[in-house]
Amino acid sequence: MTASLPAPIRLGVNIDHVATVRNARGGTHPDPVKAALLAQETGADGITAHLREDRRHIRDADLERLRAELSIPLNMEMAATEEMTTIATRLRPHACCLVPERRQEVTTEGGLDVRGQTESLAPRIARMRDAGIRVSLFIDPDAAQIETAAKLGAAVVELHTGAYADAMDAAARAVELGRLATGAAHAAHCGLEVHAGHGLTYDNVSPVAALPQVMELNIGHFLIGQAIFDGLPAVIRHMKAVIAAART
Ligand code: PXP
């Protein structure tokens with residue numbers, strides 16, 4: 001009997017930093033929705049956008065347009081606040097990924113501590129599920145966090161790959177990859193769909209894409225930055241080829 005190949009992996013393209021560039025001049029160019037539609041046309045499997053409390057990149061109107069214009073799944077990243085839950089349940093994107101958010105941070109630092117806030121998370125997750133949204137929790141690859149995510153009724157966990165991506169040397173990277181591998185297997189065992197993301201590039205994505213339980217990668221900063229040199233379609237095609245090759 002031949003061993004079965006892992007299922008194909010999806011690429012979610014995070015377009016936040018198109019909005020960052022637009023907002024630098026306060027106008028309408030470059031339009032993150034236009035970038036999302038181009039990504040869709042090029043083979044992106046989903047679009048991710050993070051509506052932050054301070055609206056530093058994606059804004060409410062961008063999300064409304066993404067929801068109306070995209071035909072591939074929209075994954076809304078958001079803090080687990082009342083304001084964001086209300087927006088999400090009205091907008092009803094395909095998925096919502098709950099992330100920790102601190103106003104002063106440059107980007108999402110570390111996973112959400114789901115264990116430490118089950119009481120506030122449970123009703124919000126239930127409301128989103130009732131609205132037909134697939135709820136994902138962005139967490140570190142920690143067994144207790146994963147088990148709590150399953151108990152809370154999330155459909156998905158997105159494992160934070162930041163510590164892996166930022167590892168200072170090969171030994172540290174191997175340790176972090178081991179944590180991701182163990183976490184992905186444990187999450188799948190708990191009945192959760194496994195996604196991963198943060199800090200992934202052409203150079204470091206393959207070992208994560210090769211983890212058989214990982215069904216989706218969400219990548220933003222590198223893709224948008226590299227698009228300055230190569231153009232968004234070429235960059236998306238190349239990233240898709242790299243992750244597909246890692247899978248086989
Ligand atoms: N996944 C989540 C939950 C995130 O918060 C981010 C950053 O916004 C990403 C993936 C993408 O990270 P990066 O921009 O480093 O590719």
Side-chain angles (χ1 to χ4, degrees), residues 9-21 23 32 35-36 39 44-59 62-63 66 73-81 84 88 93-103 105-114 133-141 145-146 149 154-167 176 180 183-184 187 192-206 208-209 214-228 232 235-236 238-240 242-243:
I9 191 163
R10 297 189 299 270
L11 174 63
V13 175
N14 180 316
I15 47 137
D16 291 348
H17 295 303
V18 180
T20 303
V21 176
N23 297 353
D45 300 293
I47 296 296
T48 293
H50 185 173
L51 187 69
R52 292 187 73 105
E53 184 197 10
D54 62 9
R55 310 300 199 268
R56 69 172 72 155
H57 36 57
I58 293 295
R59 294 177 176 155
D62 298 324
L63 267 182
L66 288 168
L74 172 63
N75 174 33
M76 173 182 170
E77 286 178 5
M78 52 177 264
T81 61
M84 290 298 154
H94 169 79
C96 280
C97 181
L98 304 185
V99 304
E101 210 174 281
R102 282 194 312 114
R103 212 167 242 274
E105 71 190 355
V106 175
T107 181
T108 316
E109 300 163 346
L112 187 67
D113 176 19
V114 293
I133 300 168
R134 244 172 117 64
V135 178
S136 168
L137 302 175
F138 187 46
I139 58 174
D140 291 323
Q145 298 287 357
I146 290 165
V156 178
V157 282
E158 181 165 328
L159 300 180
H160 196 308
T161 51
Y164 161 79
D166 295 340
E176 294 302 334
L180 289 166
L192 293 156
E193 182 170 309
V194 184
H195 299 177
H198 209 279
L200 297 176
T201 68
Y202 292 154
D203 291 337
N204 66 17
V205 75
S206 297
V208 179
V214 174
M215 304 303 293
E216 178 175 309
L217 297 173
N218 283 301
I219 309 182
H221 187 266
F222 174 80
L223 295 178
I224 303 306
Q226 192 63 22
I228 293 169
L232 192 58
V235 170
I236 291 173
H238 189 66
M239 184 59 88
K240 284 213 53 151
V242 172
I243 65 180

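Values below: every heavy atom of this structure, side chains too, minus hydrogens, waters and symmetry copies. Just so it is clear, the structure is predicted and the values come from calculations on it, not from any experiment. In each ligand, atom 1 is the first atom listed, and ligand 1 is the first ligand listed.
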Is the shortest N/O to N/O distance between [X] and ligand 1 below 3.5 Å?
X	value
His50	no
Asn218	no
Cys97	no
His17	no

Heavy-atom side-chain proximity of [X] to [Y] below 4.5 angstrom:
X	Y	answer
Asp113	Asp140	no
Gln145	Val114	yes
Ile9	Leu11	no

Residue list, side chain to side chain contact (heavy atoms under 4.5 Å, CB included) with Ala79, at least two apart or on another chain
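Ala79 satisfies side chain to side chain contact (heavy atoms under 4.5 Å, CB included) with Thr81, Glu101 once adjacent residues are dropped.
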Pair Asn14-Thr48, side-chain donor/acceptor within less than 3.5 Å:
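The criterion, which ignores hydrogens and geometry beyond distance, is not satisfied for Thr48 and Asn14.
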Please list, in number order, the atoms of ligand 1 under 4.0 Å from a heavy atom of [X].
X	answer
Asn14	8 (O)
His221	13 (P), 14 (O), 16 (O)
Val99	3 (C)
Gly199	12 (O), 13 (P), 15 (O), 16 (O)
Glu158	1 (N), 2 (C), 3 (C), 10 (C)

Whether Lys240 and Asp45 form a salt bridge (side-chain N of Lys/Arg under 4.0 Å from carboxylate O of Asp/Glu) is what I want to check.
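Answer for the salt bridge query: yes.
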Tell me which part of His160 gets within contact of ligand 1: side chain, backbone, both or neither, using heavy atoms under 4.0 Å.
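It is neither part, as no heavy atom is under 4.0 Å.
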Give me the ring orientation class for His238 and Tyr202: parallel if the planes are under 30° apart, tilted from 30 to 60°, perpendicular past 60°.
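Judged by the thresholds at 30° and 60°, the geometry between His238 and Tyr202 is perpendicular.
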